[in-house]
Amino acid sequence: MPGYTNGLCPRIPGHGFNPFLLPPYDTGDAGWGEWFRKLGIKGEFKEHPEWFSLDKSGKRVDDAQICLSNTGCREKLLQNLIKWIEARGAGVYMVGSNDNHNDRYCWCDKCLALEKKYASVGGPLWDWIIWAGPELKKRGYGEAIISSLAYKGWRQTEIAPKGIERFPDNFNCDAGFLNFDRELSCASFDTRLPDGSTYNRLENLRRWCEICSHVSYWYYGCCNPAQNYIRMQNELKELCSAGVESVGACGTGGGFEFGDMTSWMFFRLLRDPDCDLEPDLKRMFSIKYGPAAEDVRMYLDVLQKTQRAAIKTLPATCGSEQMYDGFSYLTGRNLLDMREIMDRALAKARGSEYELPVMCARAGLNIWTIMFFHKIKDEDPSTAAKIDCKALDAESRLAWERSRKPKLIASSVPQSLDQMVNYMNLKDDSLPAELAKYPKDKVFRILPPKSAPYFCGVRVVGLTSEADPKAASGWAWRDKIPENISFAEKKSVPVEVYDAGLREWLLHSNQAPIPLSVFRKGKYSLCRIGKMRITSRFNMIFAGLWGHPTNITQPARLFDPTYVNKEWEIWASIKGEGPKFFPDVVAGDSYLSIDQVFCVDCGVPIGK
């Protein structure tokens, strides 16, 4: 076949983040962060601590990585790989690194020297592979292929090492760069390094293809509700042109309303990345939507056109992490135009076998209508008055209930509705007076979910969401203040912001504490937290509750993918209860509640 259905494609679960130090390898037992801990439990660390990582403080630890410069560790790793090959025969064997602890394999002098030698954090691993490949052949296992990941940017192993003319021919590089598309998001091609320089992802991939006999690609299939199939074809063409031999897919279906089409298109393009999808797409729409096929196709095309216009020059793709909450670039006019198309589609399918598929196809649009209803009201108040958001919520829940057995749509629909229903329940969707000076399209409102802990690009770890009649939407995050925490001495509540990805503070507790005088009994107060950038693992910690941060991850709700280059002014609407906030309250527990968070786009700082 002309495409990617031939060649190497490692069939190892979980990206293979396991170094096989302790056979037998059990895919059901070795988790992302568990493998090294289990080594310690079973005695390997006690017998050979020198096989394990030296941490930054100079201590050997059994819960990070392994010391791949240690000759005993290298030999043990190879022996365990050979035992697996003997048990299962020739094939592709993934020897990877645990994803959670890969800032550095080891801080020992020899491992650091290997990093420097190959100009890569993955230096110790690449050095082991250069040794292990020929060694496998010497020991009679030359038909087995070692595969390992080039993964997740400069912090891990993505950048092709320097100083290597050619890896052994029994090595396969499994590239997992997170997808890019030159046409759709040019800037995502160039990734910024800590020293301010950039590296080009496509050129980096080509470099891997130059130094490896085999390169497979871990394709993030992106089963989002409106998969941009033009982007998928562009990406697969670029992989082919770079020299990639095979592609493995992750998340091409997912059960979203167009997930079946996404999966089919992906495998069709694997056979021929240059094929014309149009005839088959037309036939597929006809089979699935009957008399409503043209309208549903028009809706998807309008959505994709809007998507491409909005993000064609931005440094992030509409990728696999995008759910229903990644479409805040949709305007009120966009939503009204798409509603007209899909109302017509539903009318044509009403009462027929095609009604349920069309109802499922409307799920994303219904969710966006609920979430961005304020935009519709601003655009056309008279039309907005005719839209019943509660009816749209009921329609999509019914579609999910009726489609569970045929699996036409994923469980993410009711979850997304639960996450966004509070936007429908807002008592007042106007901006607070303190924020009225900003353009409305620069202010993003984040509400707690009604039930789910993850919503609109915001994951809340530990905090509970509870009904609160005083809250803006009737719900708030609420958490109990432990007995050992007191605000009396400093007469303020500390707020901290920490980037768990880069491991650096964005706001220290003493920089912008919230005075106790701000709190009012039984009422929420809007407080300015500060101006800062929003990173991919942005933790806001209120009142020292480290176990319960408000963690803004993958801020799709803000979906201006240039957000990492911008400054944002963060505001939170908070309420205190109990004696820790009000000295005249002498008994009972104390609680902190947050009913809204506002993020104001302040633009790109001068000099950026």
Nearest 0.5 Å please: distance from the [atom1] atom of [X] over to the [atom2] atom of [Y].
X	Y	atom1	atom2	answer
C360	E395	SG	CD	9.5 Å
S492	I514	OG	CD1	9.0 Å
C599	E569	SG	CD	10.5 Å
M338	L330	CE	CG	4.5 Å
R520	I574	CZ	CD1	10.5 Å
I341	L300	CD1	CG	10.5 Å

Search all heavy atoms of [X] against all heavy atoms of [Y] and return the closest pair with its distance.
X	Y	value
L431	V443	CD2-CG1, 3.7 Å
L336	D380	CD1-CB, 3.7 Å
I485	K580	O-NZ, 2.6 Å
D595	P448	O-CD, 3.1 Å
P432	L526	CB-CD2, 3.7 Å
S525	V518	OG-O, 3.0 Å

Are the aromatic rings of F598 and F444 close, with centres under 6.0 Å apart? no
Can you name the one residue among K470, R478, K521 that meets salt bridge (Lys or Arg N to Asp or Glu O under 4.0 Å) with E577? R478
Min side-chain heavy-atom separation [X]-[Y] under 4.5 Å:
X	Y	answer
L447	W475	no
D337	Y299	no
D479	L592	no
F542	I594	yes
M342	D295	no
W568	K531	no
F373	L392	no
T331	E379	no

Candidate pair W571 and L435, rule side-chain contact (heavy atoms from CB on, under 4.5 Å), full reasoning: CA-CA 9 Å; W571 295 68; L435 303 179; 3.5 Å; yes
Would you say that more than 12 heavy atoms from the other residues, nucleotides or ligands in this model lie under 6.0 Å from the NZ of K491, or not? no
Determine whether more than 12 heavy atoms belonging to other residues, nucleotides or ligands lie under 6.0 Å from atom CD of Q511. yes
Between [Y] and [X], is the closest basic N to carboxylate O distance under 4.0 Å?
X	Y	result
D343	R362	yes
E158	R201	yes
D429	K377	yes
R397	D393	yes

Under 3.5 Å side-chain donor-acceptor pair for Y524 and D468: yes
N366-R339 side chain donor-acceptor pair, cut-off 3.5 Å: yes
Walk me through it: do I541 and V497 pass the test side-chain contact (heavy atoms from CB on, under 4.5 Å)? CA-CA 6 Å; I541 302 98; V497 180; over 6 Å; no
Trace of the side-chain contact (heavy atoms from CB on, under 4.5 Å) decision for D589 with I481: CA-CA 7 Å; D589 294 324; I481 307 296; over 6 Å; no
When you look at W368 and N334, which way does the side-chain contact (heavy atoms from CB on, under 4.5 Å) test go after all the steps? CA-CA 11 Å; W368 300 323; N334 293 151; over 6 Å; no
Distance under 6.0 Å and angle within 45° of the ring axis: does K375 meet both against F372? yes
Test: K575 cationic atom under 6.0 Å from F519 six-membered ring centre, within 45° of axis: no
